[in-house]
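See below for the structure under consideration.
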Amino acid sequence: MRKQVKEIYASYGVDVYEALRKLKATKISLHCWQLDDVKGFEGEGDLTGGIQTTGNYPGRARNFKELTQDLDKALTYIPGSKKINLHAIYQADKIVERCDVGPEQFKSWVKYAKERGLGLDYNPTIFSHKMLKDGMSLSSPDEEVRKYWIKHCINGLKITEMFGKELGQKSLMNIWIPDGLKEVPADRLGPRMRLKDSLDQILKGYKYDKRVMDVSVESKVFGIGVESYTTGSNEFYLNYASSRKICCLLDTGHFHPTENVADKISSMFAFYNKLAFHVSRPVRWDSDHVLKLNDDLQDVADELVKCDGLSRSYIGLDYFDASINRVVALVVGARNMEKALLKALLTPWNLLKEAQDKGDHTRVLALQEEIKTLPWSEVWEEYLKRQEMVNDAQMYKELKQYEESVLLKR
Ligand code: RNT
Ligand code: ZN
């Protein structure tokens, strides 16, 4: 980085080194499911629950060994503090029936994470399974179905607690269910009351240690095949989380396309101390495209920084593209998240806020546009250099070699 760069930012009251420090301390949870098209290790069942991967690019990771091999490769190109986000379907040891998946099944993952100084997050997997009846799980009218998934989630609390304890980093258990209806419901309240009861049973089912973990609930507007009604809507979970003192998780693909997800962040922080995210890129629907460094992503990063939310947020990535090299997809998306955060950290928010409060909206507009051409990319190169990581061009070259020597041989 040229010496000048530091001075340029200092002239706006921004300390480049402080920005680099904050960025490095911000944890990003890398979703393992980009590497295997959300298939998991249980067998070759179809992906259900209204989510979809498309494409059949060669080289998909098929088991624990291949997935961790790809993760290791990806990790060498992703700077900053990292966690790995797991799902129940990635049980690595002595595979058992889904409702019985417990800490035993994740011993190898804990060992893996420990050896690399990583944190782990967890998600019960409530899709791609025969115990979903008519697409319903925790809100099903069938008591057996509800019981099955309640048990699965209670076991999930134990797994997440183990992650938090063993790794010395707080762990998040996020609950997302696909429950919904294709057609206009005859009864909207019934499923929601059942979901409320199921979640209460889960939270009461195991007294987890709040010092080492948090629980979040992820809302959604609709899914494929369940276009008319989603039990776990935004309003449902906002109220549930606030009354039960747990976290909300905002997935950036789970709202109407014209809704601004970034705008929700400050409203949430006005009432919640913590917030969780799945950062994704919806294209016309919740398509889970790989993150691009676009305005939507930048807006989310900006709001997180402005609200002083970096240390109060669980930032997880959530996209899955099976039509391109999956390791490149994971790395490019993760690097984009980091770049957006860096740009946000290099922004003179104090000057901008001051101008807004004075009613000087001309200044706000001019300054917002002025800073877009500041040399942030040199700071990015510096960030990579400090962590002994190669630049984007070299990263791509090396990952293409990895494709040749490893992925294409699978
Ligand atoms: C689905 C949700 C959910 C999943 C992952 C695999 O719409 O976003 O979070 O994508 O858990
Ligand atoms: Zn999600």
Side-chain angles (χ1 to χ4, degrees), residues 28-42 45-54 60-61 67 83-91 98 101 120-129 132 135-138 149 152-153 156 159-160 171-180 215-227 229-234 236-237 241 247-257 261 264 275-291 296-297 300 313-322 326 329-330 333 337:
I28 307 291
S29 196
L30 306 169
H31 57 313
C32 76
W33 55 88
Q34 162 58 62
L35 296 171
D36 82 326
D37 313 339
V38 210
K39 283 205 164 42
F41 305 151
E42 290 175 351
D46 285 341
L47 181 59
T48 70
I51 54 178
Q52 260 175 22
T53 50
T54 50
R60 179 179 78 79
L67 192 82
K83 296 170 97 185
I84 306 295
N85 209 355
L86 299 175
H87 247 282
I89 44 170
Y90 296 93
Q91 46 170 320
R98 191 85 62 85
V101 178
L120 290 176
D121 293 313
Y122 181 76
N123 303 262
T125 310
I126 311 180
F127 51 80
S128 307
H129 196 272
L132 275 130
M136 296 286 212
S137 62
L138 292 176
W149 295 111
H152 176 60
C153 290
I159 295 169
T160 315
S171 184
L172 179 71
M173 171 166 126
N174 174 56
I175 301 176
W176 171 73
I177 58 165
D179 300 32
V215 176
S216 64
V217 278
E218 176 181 6
S219 70
K220 187 162 174 169
V221 65
F222 84 96
I224 298 290
V226 286
E227 287 84 357
Y229 170 80
T230 300
T231 317
S233 64
N234 186 39
F236 177 88
Y237 282 135
C247 281
C248 273
L249 182 143
L250 304 182
D251 182 310
T252 56
H254 286 193
F255 296 86
H256 283 287
V261 183
K264 299 174 189 299
L275 206 47
F277 291 90
H278 271 179
V279 192
S280 193
R281 180 166 59 99
V283 177
R284 304 193 191 282
W285 69 290
D286 179 32
S287 60
D288 292 299
H289 276 61
V290 179
L291 291 186
D296 289 345
L297 179 61
V300 167
S313 299
Y314 286 96
I315 305 173
L317 310 182
D318 187 11
Y319 51 82
F320 25 96
D321 192 337
R326 297 168 183 81
L330 184 60
M337 184 73 239

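Numbering of ligands and ligand atoms starts at 1, following listing order.
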Verify, without hydrogens or angle tests, whether [X] (side chain) and [Y] (backbone) share a donor-acceptor contact under 3.5 angstrom.
{"X": "S219", "Y": "Y237", "result": "no"}
{"X": "T48", "Y": "F127", "result": "no"}
{"X": "Q34", "Y": "C32", "result": "no"}
{"X": "D286", "Y": "H254", "result": "no"}
{"X": "H152", "Y": "V101", "result": "no"}
{"X": "R281", "Y": "V290", "result": "yes"}
{"X": "T160", "Y": "L172", "result": "no"}
{"X": "N123", "Y": "T125", "result": "no"}
{"X": "S171", "Y": "L120", "result": "yes"}

Which of the numbered atoms in ligand 1 are under 4.0 angstrom from any heavy atom belonging to [X]?
{"X": "F320", "answer": "10 (O)"}
{"X": "H278", "answer": "9 (O)"}
{"X": "H254", "answer": "1 (C), 2 (C), 7 (O), 8 (O)"}
{"X": "D286", "answer": "7 (O)"}
{"X": "I51", "answer": "1 (C), 7 (O)"}

Closest protein heavy atom to atom 5 (C) of ligand 1, given as residue, atom name and distance to 0.1 Å:
H87 NE2, 3.6 Å
Distance from atom 7 (O) of ligand 1 to nearest protein heavy atom, with residue and atom
K220 NZ, 2.7 Å
Any nitrogen or oxygen of D251, side chain or backbone, less than 3.5 Å from one on ligand 1?
yes
Indicate yes or no: does an N/O atom of D318 lie under 3.5 Å from an N/O atom of ligand 1?
yes
Closer than 4.0 angstrom: is that true for some heavy atom of N123 and an atom of ligand 1?
no
Proximity flag H31 to ligand 1, non-hydrogen atoms under 4.0 Å
no
Any N/O/S atom, side chain or main chain, of H278 closer to the Zn ion (ligand 2) than 2.8 Å?
yes
From the Zn ion (ligand 2) out to just under 2.8 Å, does an N/O/S atom of D318 turn up?
yes
Of all N/O/S atoms in E218, the name of the one nearest the Zn ion (ligand 2)
OE2
Suppose we only allow N, O or S atoms; which atom of D251 ends up nearest to the Zn ion (ligand 2)?
OD2
So, applying side-chain contact (heavy atoms from CB on, under 4.5 Å) with S29, which one of D121, D318, L317 is it?
D121
The answer for which part of E218 has a heavy atom under 4.0 Å from ligand 1 is side chain
